[in-house]
There are 2 protein chains.
Amino acid sequence: MSKHQKEMGVLKEHLGKHQLKYTRQRELILDAFLKQEHITAEEMYHQLARKDPHLGLATIYRTLNLFCEAGLAQARHFGTQTQYDNISHKGHHDHLICTDCGKIVEFENCDIERLQEEVATRNGFTIKTHRLELYGLCSRCRH
Amino acid sequence: MSKHQKEMGVLKEHLGKHQLKYTRQRELILDAFLKQEHITAEEMYHQLARKDPHLGLATIYRTLNLFCEAGLAQARHFGTQTQYDNISHKGHHDHLICTDCGKIVEFENCDIERLQEEVATRNGFTIKTHRLELYGLCSRCRH
DNA sequence: TTGAAATTGATAAACCGTCTCAAAAGGAAT
DNA sequence: ATTCCTTTTGAGACGGTTTATCAATTTCAA
Ligand SMILES: [Mn+2]
Ligand SMILES: [Mn+2]
Ligand SMILES: [Zn+2]
Ligand SMILES: [Zn+2]
């Protein structure tokens, strides 16, 4: 029995609903993905090269995008490459990013979210999504 | 006497400090840039093609990046292309973006900024910059 | 006016992610 | 287990955006 029973269930349900198939590659990528908070396709490509040297980069991109559609992942554009954020066991959140060491801290702040809604309403907008990223130095890198 | 006396002064001061030269192209691009709130390099390339058909796209990218260094512009990554934001006559601000028609509304909210600082402090971070973008539908597009 | 240094324009290259397509694999029905 | 249709895969081509290269041109201080 796998460690990631619940998430595998979510994926299989999505696959079933869309006439998609459960493959060895998808299982492999899901396992690797659920071990991280954020990961890029390239990072995963290198990690998995040990387990399966023939796994293609395109397959990793395709599969991570599939996870986004299944609600397990969310694509974030922090730096130059897309980070796939493991949201399987957590709700909406935003990020603090250290520009020196790359450390990423997740946070949630209801007050900020509420004020965002106020701003939107005042301007006649209905918010669908948002991105809030705070860039700076973490405590280690400040010294 | 040009319409953009102040901004031209800012640019010339930056050029002076860095042993850079004041060229016809830089003047042309500055004038076009200051007429917009946000513009992409490609858009400016097409606009200026009338005034100077030989102006190269690389020069536009180089010059807009120069404006960023001089503090006149700020690069923003809303969609697929980089938007250069004219910040010469305004301070920091964030954006509401309509995902349907592309309309962009600028806003400032001190309360949000203060809460961001609180979040950062609580996590040991010192913020240098941030990005806050609210995506949704404007009043026209909601109907 | 001269000449060293910066700039320009054309285009190649880098970068990241998606598309293409023939071969392989999944899986439902038999 | 076999069949057979559909989906998936891997390799590499491709596309859009931005930067790098480099010879020719321009700037500007002496
Ligand atoms: Mn996250
Ligand atoms: Mn703006
Ligand atoms: Zn750090
Ligand atoms: Zn709109």
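Order of the sequence lines sets the chain letters (A, B, ...), proteins ahead of strands, with each chain counted from 1.
- A side chain to side chain contact (heavy atoms under 4.5 Å, CB included) with Ser88(A) is found for exactly one of His4(A), Lys6(A), Glu7(A), namely Glu7(A).
- To the nearest angstrom, P of dT8(C) lies 16 Å from OH of Tyr61(B).
- Side-chain atoms of Arg62(A) lie closest to dA11(D) of the nucleotides dA11(D), dT8(C), dA4(C).
- Lys12(A) has its NZ atom 19 Å from the P atom of dT7(D), to the nearest Å.
- Atom pair Arg26(B):CZ and dT8(C):P shows a separation of 5 Å (rounding to whole Å applied).
- In this structure, Thr80(B) reaches the dT17(D) phosphate: one of its side-chain N or O atoms is under 4.0 Å from OP1 or OP2.
- Between His95(A) and Phe78(A), the distance from one ring center to the other falls under 6.0 angstrom.
- Contact annotation: Asn65(A) reaches the phosphate of dT18(C) (side-chain N/O to OP1 or OP2, under 4.0 Å).
- At least one side-chain nitrogen or oxygen of Thr82(A) sits closer than 4.0 Å to the OP1 or OP2 atom of dG17(C).
- Rounded to an integer number of Å, the gap from CG of Leu57(A) to C1' of dA13(D) is 14 Å.
- Here Phe33(A) and Tyr84(A) keep their ring centres 6.0 angstrom or further from each other.
- For Asp52(A), the side-chain atoms get nearest to dG10(D) when compared with the rest of dG10(D), dT7(C), dT19(D).
- The side chain of Tyr22(B) approaches dC28(D) more closely than any other nucleotide in the set dT27(D), dA25(C), dC28(D).
- For Gln25(B) and dT7(C), the CD to P distance is 11 Å, given to the nearest whole Å.
- Within 6.0 Å of atom CD in Glu42(B), more than 12 heavy atoms from other residues, nucleotides or ligands are found, so the atom counts as buried in its surroundings.
- The distance from atom NE2 of His54(A) to atom P of dA23(C) is 18 Å, rounded to the nearest whole Å.
- One atom, CD1 of Ile60(A), and another, P of dT18(C), lie 13 Å apart when rounded to the nearest Å.
- Atom-to-atom, NE2 of His77(A) to P of dT17(D) comes out at 15 Å; the value is rounded to the nearest Å.
- Side-chain proximity of Thr23(A) to dT27(D), dG26(C), dT18(D): nearest is dG26(C).
- Contact annotation for Glu42(B): no contact, since no heavy-atom pair falls under 4.0 Å across all strands.
- You'll find the side chain of Leu34(B) stays beyond 4.5 Å of the side chain of His89(B), heavy atoms only.
- Ranking dG10(D), dA6(C), dA25(C) by closeness to the Lys21(B) side chain, first place goes to dA6(C).
- Taking for each of Gln81(B) and Leu20(B) the nucleotide of DNA chain D with the nearest heavy atom, the 5'-most of the two is the partner of Gln81(B).
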